[in-house]
Each structure stands twice: as C-alpha cells, then as structure tokens.
Amino acid sequence: MSDSDLFDIKYSLLPPELQMKVWVLALDANTSKVSVAYSLGAFRTSLAYNFGGNLEASVGRYRLGDPLIKVGFNPANSDLSAGLIFRGFNFGTSANVTRRSFGVSLGYGRELLPFPDELSRVFSAANGVSRAW
C-alpha cells in the first residue's frame with residue numbers, strides 16, 4: 001500500500017440510495033431567450049421564454065442526434081407552434097386559430113440570433129413597461 005492510499009478519504013454527504021437520484025436544474029439567459037432546464041440522466045425538459053413573446057416547452061434526450069420535441073405559444077398573437085429537432089434538422093409547424101393560418105418549416109443547423117433592430121424593439125418596449133410602474 002502506498003502513502004497516497006493511506007490519505008485518500010472518500011466522504012459522501014448523501015447515502016447511496018439518494019446518490020442515484022441526482023438531477024440537474026439549469027438557468028440559461030442570453031440575447032435570444034431565458035430558459036430553465038431540468039435534466040435527469042440523459043432525459044431533459046425545459047421551459048423557455050424567447051424574447052419577442054413566445055413561450056416554449058421542450059422534451060427530449062440530451063445526447064446529440066436524439067430527437068427533441070418543442071411546443072410553443074405566443075400570447076401576443078395567439079400563435080401555436082410545434083417542432084422536432086433530429087440530427088441537426090429542424091422540422092416545424094405553426095398555426096393561428098384566430099387568423100386561420102398554418103405554416104410549415106424545415107431547416108438545418110442552429111437558429112440565427114435576432115437582428116439588433118429586433119432586439120432594440122423588444123428592449124425598448126420592456127423599458128416603456130418598466131417606466132409605467
């Protein structure tokens with residue numbers, strides 16, 4: 001037995017039956033959205049607010065290439081959206097019941113960040129709301 005083995009102390013705060021039930025709760029905020037994600041092993045769920053008014057929930061596995069399902073709602077214009085991300089391909093649908101419109105989209109890769117004028121409109125609108133208080 002070496003000297004380093006004598007001083008290796010392995011202390012665990014939780015008992016073994018609780019160590020297997022570890023989960024991750026994450027908060028992410030950037031220039032396009034704010035989201036809260038919950039992960040249990042390779043399974044991930046999240047709830048996000050995309051700047052511009054869209055609320056979005058997603059469910060899927062965390063591994064690259066596994067499908068991720070998204071469902072969204074925009075309360076400002078009553079748009080409903082659903083999508084699937086699979087191996088870099090983005091399949092999406094959107095519908096508006098009040099205007100009786102429907103859309104389908106297909107893309108590849110990551111979504112683009114909003115343009116600066118779109119961001120300034122959203123932040124200016126938020127500034128006007130905060131001054132009203």
Side-chain angles (χ1 to χ4, degrees):
M1 192 171 355
S2 68
D3 289 338
S4 65
D5 290 336
L6 294 174
F7 293 104
D8 282 344
I9 298 172
K10 295 180 180 172
Y11 177 75
S12 178
L13 183 63
L14 299 174
E17 62 270 5
L18 291 178
Q19 290 178 5
M20 300 304 289
K21 299 174 185 170
V22 174
W23 50 270
V24 175
L25 184 66
L27 174 65
D28 181 28
N30 58 30
T31 58
S32 63
K33 70 179 179 178
V34 175
S35 67
V36 175
Y38 168 76
S39 179
L40 180 60
F43 187 73
R44 175 184 57 178
T45 60
S46 72
L47 184 63
Y49 172 70
N50 295 310
F51 296 131
N54 190 28
L55 296 170
E56 182 177 86
S58 64
V59 176
R61 291 180 52 99
Y62 195 65
R63 292 187 337 208
L64 187 64
D66 284 348
L68 178 70
I69 299 169
K70 291 184 176 187
V71 177
F73 174 68
N74 190 336
N77 55 13
S78 301
D79 281 343
L80 296 171
S81 63
L84 172 71
I85 300 173
F86 183 67
R87 296 189 180 184
F89 288 96
N90 302 314
F91 304 95
T93 60
S94 63
N96 188 309
V97 180
T98 58
R99 289 184 290 178
R100 296 182 182 199
S101 63
F102 180 79
V104 177
S105 65
L106 173 64
Y108 184 77
R110 303 246 354 190
E111 296 176 4
L112 295 174
L113 292 175
F115 288 109
D117 60 337
E118 290 176 296
L119 281 176
S120 67
R121 241 181 299 130
V122 172
F123 290 136
S124 296
N127 186 25
V129 170
S130 66
R131 288 185 182 179
W133 290 77

Within 6.0 angstrom of Leu55 CG, more than 12 heavy atoms from elsewhere: yes
Quick check: is Leu27 connected to Phe51 through a chain of hydrophobic side chains (ILVMFWY, heavy atoms under 4.5 Å apart)? yes
| query | With a 4.5 Å heavy-atom cut-off, do Phe86 and Leu68 have their side chains touching? | reply | no
- Query: Taking Asn30 for the side chain and Lys33 for the main chain, is one N or O donor matched with an acceptor at less than 3.5 Å?
  - Reply: yes
Q: Please step through side-chain contact (heavy atoms from CB on, under 4.5 Å) for the pair Phe43 and Val59, ending with a clear verdict.
A: CA-CA 8 Å; Phe43 187 73; Val59 176; 3.4 Å; yes
Checklist entry - Is it true that Ile69 and Leu106 fall in one hydrophobic cluster, defined by side-chain heavy atoms closer than 4.5 Å? => result yes
Here the pair of heavy atoms bringing Ala57 nearest to Leu47 is CB-CD1, 4.3 Å
Heavy-atom closest pair (Phe102 atom, Ala95 atom, distance to 0.1 Å) is CD1-CB, 4.1 Å
Open item on the list: Any donor-acceptor pair under 3.5 Å linking the side-chain atoms of Asn96 with those of Asp79?
Closed with: yes
Rounding to 0.5 Å, atoms CG (Asn50) and CD (Glu56) come to a distance of 5.0 Å
Review point. Do Leu25 and Val36 come close enough that some side-chain heavy atom pair is under 4.5 Å?
Key: yes
Nearest heavy-atom contact between Asn54 and Phe73 is OD1-O, 3.1 Å
So OH of Tyr108 and CG of Asn90: to nearest 0.5 Å the spacing works out to 10.0 Å
Next item on the list: Give a yes-or-no answer on whether the side chains of Ser35 and Ser46 include a donor-acceptor pair shorter than 3.5 Å.
Entry: no
Heavy-atom nearest pair, Thr98 first then Ser78, reads OG1-CB, 4.5 Å
>> Go through it in stages, so that I can follow the logic: the residues are Leu84 and Lys70, the test is side-chain contact (heavy atoms from CB on, under 4.5 Å), and I'd like the CA-CA distance, side-chain angles, deciding distance and then a yes or no.
In response: CA-CA 6 Å; Leu84 172 71; Lys70 291 184 176 187; over 6 Å; no
